[in-house]
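Take a look at the structure below.
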2 protein chains.
Amino acid sequence: MRIGELAGRTGVSPRLLRYYEEQGLLRPRRRPSGYREYGEGDVERVRRIRVLLSAGLPTTTIADVLPCTVDVGDGLAAACPGLLPELRRERDRISRSITDLSTARTMLDTIIGATSH
Amino acid sequence: MRIGELAGRTGVSPRLLRYYEEQGLLRPRRRPSGYREYGEGDVERVRRIRVLLSAGLPTTTIADVLPCTVDVGDGLAAACPGLLPELRRERDRISRSITDLSTARTMLDTIIGATSH
DNA sequence: GTTGACTCTCACATCCATGTGAAGGTCTAG
DNA sequence: CTAGACCTTCACATGGATGTGAGAGTCAAC
């Protein structure tokens, strides 16, 4: 499919899809015209990129992680032992973020509760 | 206390403390010399700012929220009914962020689990 | 006094995902 | 053949918290 369709199906702008390619996260084929040609699998791939990106992983780290993920039904398999330290670091960072967000939410809930009696 | 001490006790750089003031989050007194003079309560206030900031609230929103919080032991009381919609919106946004982060963490855990057998 | 640590203001830099726009090629339906 | 939608590359803008540095004033200790 071309970039417009992938954009439509993922909700990610063409501009960003090109940016992800520039960052090494996507590698579409090219038509003779120069048009990018994406495969079906890229829909899921973009979804994963979005998940990791929204979790605060930088594109460079995502570029390391993606090649290590292989589809297994709706799950993943992977085998990049060298990446383990970084993966654990990111997971821990995410856990801390969740803790921080929970703290903030509790604070807001307290205020909301006190305000609405 | 002066800015250096507050910075030391909160772990927040003087630069940021001045920035928070510029954003209306802190209102230190001034000495005749122009030096900022902070009160004890500002230590806790800065801590709250950090919590909300790390949860992604913009300083302008924090500026709205802070005046509505009154110390009650280690908790808060508040009474700004007009702020409720925004507070709820932010809380929901935080909840979504937590969901997103959990999804990403699960993804990383799956990869980590698959990699380390 | 003088030195050195601290403070002041102001201004410019950085990060990095994301937007926007210009100038121009490609494809498809009529 | 042509119009219009889609695509290409390139470059510059943005936002918002944060860093950094310059030039100058303040204060405490010796």
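Proteins get letters first, then strands, A, B, ... in listed order; numbering begins at 1 in each.
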(message) Measure OH/B:Y19 against P/C:dC10 and give the value in whole Å, please.
(response) 17 Å
(message) Please check: side-chain N/O of B:T61 versus main-chain N/O of B:L57, any donor-acceptor pairing under 3.5 Å?
(response) no
(request) Just compare D:dT8, C:dC8, D:dA17 and give me whichever is closest to any side-chain atom of B:P58. (result) D:dA17
(request) Figure out the OH/C1' separation between B:Y38 and C:dC8, and round it to whole Å. (result) 11 Å
(message) Rounding to an integer number of Å, can you tell me how far B:L57 CG sits from D:dG16 P?
(response) 13 Å
(request) Return the value, rounded to whole Å, for the distance between atom CG of B:L52 and atom P of D:dG16. (result) 17 Å
(request) Specify the residues of residues 7-17 of chain A, ordered by number, for which at least one heavy atom lies under 4.0 angstrom from an atom of DNA chain C. (result) A:S13, A:R15, A:L16
(request) Return yes if some donor-acceptor pair links the side-chain N/O of A:E37 with the main-chain N/O of A:R31 below 3.5 Å, else return no. (result) no
(request) Calculate, to the nearest 0.5 Å, the distance between atoms CD1 and CE belonging to B:I111 and B:M107 respectively. (result) 7.0 Å
Considering only nitrogen or oxygen atoms on both sides, find all protein atoms under 3.5 Å from nucleotides 1-4 of chain D and state each distance.
none

(request) Calculate, to the nearest 0.5 Å, the distance between atoms CG and OG belonging to A:L101 and B:S97 respectively. (result) 5.5 Å
(message) Rounded to whole Å, how long is the line connecting atom CG of B:L6 with atom P of C:dC8?
(response) 11 Å
(message) Using OP1 and OP2 only, check whether a side-chain N or O of A:R50 sits under 4.0 Å from C:dT18.
(response) yes
(request) Compare all side-chain heavy atoms of B:Y35 with those of B:R29 and state whether any distance is below 4.5 angstrom. (result) no
(request) Nearest whole angstrom, please: distance from the P of C:dC27 to the CD1 of A:I3. (result) 15 Å
(message) Let me confirm one number: the CG-CG distance from A:L6 to A:L17, rounded to the nearest 0.5 Å.
(response) 5.0 Å
(message) Taking the side chain as everything from C-beta on, heavy atoms only, tell me whether B:T59 gets closer than 4.5 Å to B:Y19.
(response) yes
(message) Protein within reach of the bases, or only the backbone? For nucleotides 23-30 of chain D, mark each nucleotide 5' to 3' as B, S or -, using heavy atoms under 4.0 Å.
(response) --BBS---
(request) Write down the distance between CZ (A:R30) and P (C:dC27), rounded to a whole number of angstrom. (result) 13 Å
(request) Mark yes or no for whether A:D92, through its side chain, and A:R89, through its backbone, hold a donor-acceptor pair below 3.5 Å. (result) no
(request) Report yes if a side-chain nitrogen or oxygen of A:R36 is closer than 4.0 Å to either non-bridging phosphate oxygen (OP1 or OP2) of D:dC7; otherwise report no. (result) no
(message) Quick check for you: among C:dT18, D:dC7, C:dT9, whose closest atom lies nearest to any side-chain atom of A:R18?
(response) D:dC7
(request) Give the rounded distance in Å between these two atoms: CD1 of B:I62 and P of D:dG16. (result) 12 Å
(message) As a test of understanding, state which of A:R27, A:R36, A:R15 forms a salt bridge (charged side-chain N to carboxylate O under 4.0 Å, His left out) with A:E21.
(response) A:R36
(request) Could you grab the distance from atom CZ of A:R47 to atom CZ of A:R9, nearest 0.5 Å is fine? (result) 9.0 Å
(request) Run the numbers on B:R18 and B:E22 for salt bridge (charged side-chain N to carboxylate O under 4.0 Å, His left out), then give the verdict. (result) CA-CA 6 Å; B:R18 297 191 188 102; B:E22 183 188 311; over 6 Å; no
(request) Could you tell me whether the phosphate oxygens of D:dA17, OP1 or OP2, come under 4.0 Å of any side-chain nitrogen or oxygen in B:Y20? (result) no
(request) Run the numbers on B:E90 and B:R93 for salt bridge (charged side-chain N to carboxylate O under 4.0 Å, His left out), then give the verdict. (result) CA-CA 5 Å; B:E90 287 294 344; B:R93 192 187 51 72; 2.8 Å; yes
